[in-house]
Each structure stands twice: as C-alpha cells, then as structure tokens.
Amino acid sequence: SEKVEMISTYAPQNCGYGNANLQQLGFANSQIGYMSEGCYGQYRTVDGGYTWNKVSNAASNLRLVLFASDNIGWLLGDWGLYRTTDAGSNWSNKNAPFFNTGVFTKMFAMDTNRLWVLKSAYYDGNGASVWYSSNSGSNWTSVNTGLVSNPDSQVTYYDMKINSNGAGFIVGSIFTPYNYSIVGFILRTQDLGLTWTISYYPDERFVNIICNSDNEWFLLGNRGYYDNSQIIQRKTDDGGFTWQYSEPLLGIVPSSTLYTAIFSPVK
C-alpha cells in the first residue's frame, strides 16, 4: 500500500508530536477528514486521506476532533469549542463553561446532539471533570461521577463510551504523588450517564474502551508505573458486572506503555 506522509517527520525546534491518545484526527465519512495538530496547524482531506489541505496555521491548540455525522462535528482545545455543520468547511465558536483549568482528554458523542467532554487534572489535582450537552454543545451541565480530584488524589479521565441502550463506561486512573501509586477505575452507567457506580483496580490504569456488543466490552491499559509497566486487558461478558484480567502481550513486550488502541470489526 502507498504511504502518505501528512506532516514532516522532523519537528521544528521546541515542538513535538501530540499524544496519540488525543482525538487529533476525525473523519466525517470515508472521504472527508480533519486533523488538528498544535505544532503544525489544521488539515482537511476530501479524498480519504491521500491528500491534505492546510486550513489553519500552527499553534491552534485545538487538540480534539470528533464527527457525529457526515456534516456535524466539533473541535475542542484550550482556545475554545467549535462546531461544524458542513463537514469541517466552516466552524462556529460555541460558548462553554469548562475552560478554566484541567486538560481535555476525550470527546464522545452518541448522536449529533448528545455530547460528552472529559477533562483530566493538572499536576496540582485541579480540573478533572465530565461535562454533558444535550443540544450539540450549545449548553452544558457538569456530570457527578462521584470522584473528587485534589493534589493528593489526581484523577485522569481517559475514555468514555455509551451504547444505544444507555449502558456505558468511563475509565481512567487516580495518581497519588507522595508514593507514586496508581489506582485504575471503571465508572459504569445504565441510564445514559445520569448515575454512576465505580470499581477500583490498584496498580492498573485504563486508557481505552472497546465495545464489541451490548454485553462484551474490552478495556486496555497498563499495570505498574510508567518506567516498569505491562500492557493489560480487562474483558466483560456480562455488561460490566465482572471483568476478567489478562496480559495479552506478556512475553512479547517485556515493558511497554499503551497510549491508544482501535478496533475495526470485519465486515
């Protein structure tokens, strides 16, 4: 297959590639896609990614891109929240209440109206939060997950998915600085995110959620701290009541950090 290079492999001075677990690339359909990279700018493709047209200069700081349909999508970062109704040809600014602190880590949309935003704590423990909009990002409410982030217990929300039946999960980890300990968490909802129950998993941290069916879900992440960690998986066959632990790359990768994963079903 032909390799298509979208941006230079050599970063300019004091500038590096963004984290792969951020949503810097999104496609409205098989042909139209949008990429936002803080060091290089914003790019749009209309031919499935073979060619890319630069549509904005660098340092935009809009790190998350998400499309919910062939036309409607959002851009999000420290500089604002933007919405498109024409697959990224034009963007309009949307006011939102969550730009004061924290780090944006994820957007999730069930449809063109129902949209969630995850924010993780700064190193001082401030800013971790979950926000929900029922009208495509025009208005927002704070979601009470039951987790409280502070300097001694720093919450990182990594990923979120909810299925059409209203069941879903938010995953992440809690870092305790004084002893460098990590505790992974799984937040479970059965009512479209109105209420949540939580389970804790010491020495684990979860990065990705993959949904295979209403009952079968996979969580991917790491066990241990960053310098000595192993890629792990937890799988449920009963909609999240129980989770089976495994280390899928044990013996292949002795120590590795997982940043992101994708799942593409065979059709």
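Only heavy atoms go into these numbers, but all of them, side chains included; no hydrogens, no water, no symmetry mates. None of these values were measured; they are calculated from a predicted model.
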_Positive for side-chain contact (heavy atoms from CB on, under 4.5 Å) with S136, one of K94, R114, R83_ = R83
*Roughly how far, to the nearest 0.5 Å, is OG1 of T145 from CE of M160?*
10.5 Å
*Closest heavy-atom pair and its distance - P248, I231*: CD-O, 3.8 Å
*asked:* Q233 and side-chain contact (heavy atoms from CB on, under 4.5 Å): which single residue from W243, Y245, F206, F218 fits?
replied: F218
*Start with the C-alpha distance between Q31 and V46, add both sets of side-chain angles, then the distance that settles side chain to side chain contact (heavy atoms under 4.5 Å, CB included), and finish with yes or no.*
CA-CA 5 Å; Q31 297 299 307; V46 294; 5.8 Å; no
*Give a yes or no on whether the backbone of A167 and the side-chain of N165 come within a donor-acceptor separation of less than 3.5 Å.*
no
*Hey, can you tell me if W140 and F98 have their rings parallel, tilted or perpendicular (30° and 60° cut-offs)?*
perpendicular
_Heavy-atom side-chain contact between D191 and T189 under 4.5 Å_ = yes
*Do I198 and W196 have side chains that get closer than 4.5 Å, going by heavy atoms?*
no
_S36 (side chain) donor-acceptor with Q42 (main chain) under 3.5 angstrom_ = no
*So among Q230, E247, E204, which one has a side-chain hydrogen bond (donor to acceptor under 3.5 Å, both in side chains) with R223?*
E247
*According to the interplanar angle, ranging from 0 to 90°, do the rings of W116 and Y132 count as parallel (below 30°), tilted (30 to 60°) or perpendicular (above 60°)?*
tilted
*Could you tell me the separation between the OG1 atom of T156 and the CZ atom of R205, rounded to the nearest 0.5 Å?*
9.5 Å
*What distance separates R44 CZ from W52 CH2, expressed to the nearest 0.5 Å?*
10.0 Å
_Any heavy-atom pair between the side chains of Y200 and I174 that's under 4.5 Å?_
yes
*asked:* Checking T45 against D47: is there a side-chain donor and acceptor pair closer than 3.5 Å?
replied: yes
*asked:* In the structure I gave you, are the side-chain heavy atoms of Y34 and V55 within less than 4.5 Å of one another anywhere?
replied: yes
*List the steps and the verdict of side chain to side chain contact (heavy atoms under 4.5 Å, CB included) for L64 and W74.*
CA-CA 8 Å; L64 305 185; W74 302 270; over 6 Å; no
_Could you measure the distance from the CZ atom of F108 to the CG atom of L118? Nearest 0.5 Å is fine._
10.0 Å
*asked:* To the closest 0.5 Å, what do you measure between NZ (K106) and NZ (K161)?
replied: 5.0 Å
*asked:* Using side-chain heavy atoms (C-beta onward) and a distance below 4.5 Å, is F185 in contact with Y158?
replied: no
*With the side chain counted from C-beta on, respond yes when V171 and W217 share a heavy-atom pair under 4.5 Å apart, and no when they do not.*
no
*asked:* Distance alone, cut at 3.5 Å: any donor-acceptor contact between the side chains of D124 and N126?
replied: yes
_Validation row: D238, N215 side chains within 4.5 angstrom (heavy atoms)_ = no
*Taking the six-membered ring where the residue is Trp, are the ring centres of F175 and Y123 under 6.0 Å apart?*
no
*Do S133 and N135 touch side chain to side chain, with heavy atoms closer than 4.5 Å?*
yes
